[in-house]
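Read through the structure below, which is laid out as C-alpha cells, and then see the notes.
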Amino acid sequence: PGIGFVVLGPRAQKLAKRPGPVGYYFDLSRYEAGKETGDPPFTPAIDTIQMVHEALTRTKEIGWNEMLERHGRAAGAFTAAARLLGLEPFPQNPSSAVQAFMLPDNCSGYNILELLAERYGIIAAGGQGSLESRIVRTGFLGLHSWSVLGRAVRAFAGVLQGLGCPVDLPAAERVLEPVMDLEEIFN
C-alpha cells in the first residue's frame with residue numbers, strides 16, 4: 001500500500017467533477033463523498049499516513065529551511081563517501097532525498113542489493129530498464145544521522161570489497177566527519 005497526494009485548485013476541482021472516464025482510483029468524486037461520511041473509498045495506508053504525519057511534525061519543529069540544509073549536508077557527505085568506494089553519482093548532481101550510483105563494471109547490482117540486505121539489513125533499490133543491475137538507489141528521507149550514514153557507508157564498503165572492488169573505507173568515513181553532529185530525529 002502507498003499514498004498519493006492530489007492538490008487541485010478551484011478550476012481543476014470543477015474539471016474533476018465532469019462525467020467521463022477517469023479511472024477507478026482517480027475518481028475523485030468517490031473521495032469527495034467519503035469526506036462527508038469520514039469513510040474513504042479504499043482502505044488507507046494507515047502506517048504510511050502516520051509516518052508522513054510524524055515527518056511533517058518533526059519538520060515543523062526543526063524548521064523547513066533547517067531540514068533542507070540538513071538533507072543537503074548529509075546527502076553531500078554520503079555522495080562524497082560513495083565516490084571513494086567506487087560508486088559514481090547518477091546523475092552527476094544528485095538529489096538530497098534519493099541518491100543513485102553507477103556501479104563499478106565488475107559488480108552486479110543484483111549481488112549488491114542481495115548482500116546489503118542479507119549481511120547488513122540495508123534495503124536499497126536497483127535500476128530499472130536499461131539501468132537494471134547497473135545502478136543502486138538509496139534514500140534516507142529524514143534519517144540522516146551520523147550513525148545511519150556511517151552504517152550505510154560501511155555496508156557498501158563491505159559488500160563492494162567482498163566482490164573484489166577496491167574501496168578506501170577510512171577515507172570514505174573521513175568525509176562523513178562534517179556531519180557527525182547530525183543526530184537521530186526519528187525514534
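Residue numbers start at 1 and run along the sequence shown.
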Do Leu87 and Leu103 pass the side chain to side chain contact (heavy atoms under 4.5 Å, CB included) test, and can you show the C-alpha distance, the side-chain angles, and the key distance before you say yes or no?
CA-CA 6 Å; Leu87 302 172; Leu103 300 171; 3.7 Å; yes

Same hydrophobic cluster for Leu149 and Trp146, using side-chain heavy-atom links shorter than 4.5 Å among ILVMFWY?
yes

Looking at every heavy atom in both Ala75 and Ser95, which two are closest together, and how far apart are they?
CB-O, 4.1 Å

What about Val6 and Phe42, same hydrophobic cluster or not, with Ile/Leu/Val/Met/Phe/Trp/Tyr joined at side-chain heavy-atom distances under 4.5 Å?
yes

Treat each ILVMFWY residue as a node, draw an edge where side-chain heavy atoms are under 4.5 Å apart, and state whether Leu8 and Leu15 are in one component.
no

Could you see if Leu163 belongs to whatever hydrophobic cluster contains Val136? Use Ile, Leu, Val, Met, Phe, Trp, Tyr and a side-chain cutoff under 4.5 Å.
yes

Write down the atom of Ala172, the atom of Val153, and the distance for their closest heavy-atom approach.
CB-CG1, 3.9 Å

Quick check: closest heavy atoms across Leu182 and Ala74, and the distance to 0.1 Å?
CD1-CB, 3.8 Å

Return the minimal non-hydrogen interatomic distance between Ile135 and Ala100, and the atom names on each side.
CD1-CB, 4.3 Å

Check whether any side-chain N or O of Arg151 sits under 3.5 Å from a backbone N or O of Tyr120 as a donor-acceptor pair, and report yes or no.
yes

Side-chain contact, heavy-atom cut-off 4.5 Å: Asn65 with Arg70?
no

Nearest 0.5 Å please: distance from the CE atom of Met51 over to the CG atom of Leu56.
12.5 Å

Side-chain heavy atoms of Pro166 within contact of Leu160, under 4.5 Å:
no

Going only through I, L, V, M, F, W and Y residues with side-chain contacts under 4.5 Å, is there a path from Met102 to Val167?
no

Roughly how far, to the nearest 0.5 Å, is the CD atom of Glu118 from the CG atom of Asn111?
10.0 Å

Between Glu61 and Arg58, is there a side-chain N and carboxylate O pair less than 4.0 Å apart?
yes

Against Phe101, only a single residue in Phe90, Phe78, Phe156 fulfils side chain to side chain contact (heavy atoms under 4.5 Å, CB included); can you say which?
Phe78

Restricting to non-hydrogen atoms, name the atom on Ser96 and the atom on Gly72 that form the minimum distance, rounded to 0.1 Å.
OG-CA, 3.6 Å

Heavy-atom closest pair, residues Met67 and Thr59
CE-OG1, 3.4 Å

Around Arg119, counting heavy atoms of other residues, nucleotides and ligands shown, do more than 12 lie under 6.0 Å from its CZ?
no

So, taking the atom named CD in Glu54 and the one named CD1 in Ile49, what distance separates them when rounded to the nearest 0.5 Å?
14.5 Å

Criterion side chain to side chain contact (heavy atoms under 4.5 Å, CB included) on Val159 and Arg154, from CA distance to verdict:
CA-CA 9 Å; Val159 167; Arg154 287 187 296 279; over 6 Å; no

Using side chain to side chain contact (heavy atoms under 4.5 Å, CB included), reason through Gln99 and Arg137 one step at a time and then give a plain yes or no.
CA-CA 6 Å; Gln99 298 79 36; Arg137 296 176 291 152; over 6 Å; no

Given Ile112 and Leu116, is the side chain to side chain contact (heavy atoms under 4.5 Å, CB included) satisfied, shown in steps?
CA-CA 6 Å; Ile112 289 174; Leu116 282 171; 3.8 Å; yes

